[in-house]
Amino acid sequence: MFRFICVVIFLVTFLILSIPVFLVEWIIGKFYRQKRDYSSLRIVQWAFKVILKFTSVKTTVIGEEHVPDEPVLFIGNHRSFFDILLTYSRCRRLTGYVAKKEMEHIPLLSTWMRYLYCLFLDRENPKEGLKTILQAIDYVKNGISICIFPEGTRNKGEELSMLPFKDGAFKIATKTNCAIIPVSMNNTCAIFEKQFPRIKKVHVVIEYGEPIYPNNLDKEDKKHIGSYVQNIIQETIRKNADLV
């Protein structure tokens, strides 16, 4: 419980103390938008790294060199709240995450998320969901990477299992031909979800796959691109199961 209490205290303190930071960032953004964007990115990454220090999680990262220095679509399997901290703390470029609509109503946290180009997806409203995907496409065209977990929710099944990928997420790549980067994560739910509310010191593995450019795929693979990417991630998490 000690680690959990430390994380909660730090998170609440960070959000409260960041209130004046929002004003500073807003002023900076009026004159130097890119500087504000990157300062916001580094501030949140610092906070995430501190939280990960509290968890004492050991992370093995494979293939990070595969991520090109250009806007990409990160596609990952999703089993833990910590998936976001583990991956976002490693982003070199501006990256917006697609989150569930409910997070838009969390005070202060949602403000940081908007500063960082995160999008809130209403899974119950297809029309609004399409607007979110179109906004993500626009972000990629303007140099901002997007990360989405296309299972649609956290998978609470057995380790190495995955929920079916939802195809809508892949329109972000097929409409822009940006690279898709498969992100395969092993053992992340063992940090917190397996023994809620305790946080446990564990070993997780993150592997970044080689870039997949939709226009370079054959017709059949492009038509079923969701299944194509999911199979890559499924094979990777099985391969890495013995590393944790």
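One is the number of the first residue; the rest follow in order along the sequence.
With hydrogens and angles left out, the side-chain atoms of K222 and N216 include no donor and acceptor closer than 3.5 Å. Looking at Y97 and T87, their side chains do bring a donor and an acceptor atom within 3.5 Å of each other. Side-chain atoms of H203 and T60 include a donor-acceptor pair closer than 3.5 Å. For S161 and N155, the side-chain atoms include at least one donor-acceptor pair closer than 3.5 Å. Neither side chain, D37 nor Y115, offers a donor N or O lying under 3.5 Å from an acceptor on the other.
Using cut-offs of 30° and 60° on the angle between ring planes, the pair F149 and H78 is parallel.
Identified under the side chain to side chain donor-acceptor pair (under 3.5 Å) test for residues 187-200, with sequence neighbours left out: S80-E193, D83-T188.
The side chain to side chain contact (heavy atoms under 4.5 Å, CB included) search around I27 returns L23, F31, not counting sequence neighbours. Considering only residues two or more places apart in sequence or on other chains, A136 meets the side chain to side chain contact (heavy atoms under 4.5 Å, CB included) condition with L119, I146, I172.
Here the closest non-hydrogen pair linking V21 and W112 is CG1-CH2, 3.9 Å.
For Y38, the OH atom is densely surrounded, since the number of other residues' heavy atoms within 6.0 Å is greater than 12.
Between atom CG of residue L52 and atom OG1 of residue T59 there is a gap of 6.5 Å, rounded to the nearest 0.5 Å.
Tested against I225, the residues I75, D167, I180 include a single side-chain contact (heavy atoms from CB on, under 4.5 Å) partner, I180.
Between the side chain of E207 and the backbone N or O of K239, no donor-acceptor pair lies under 3.5 Å.
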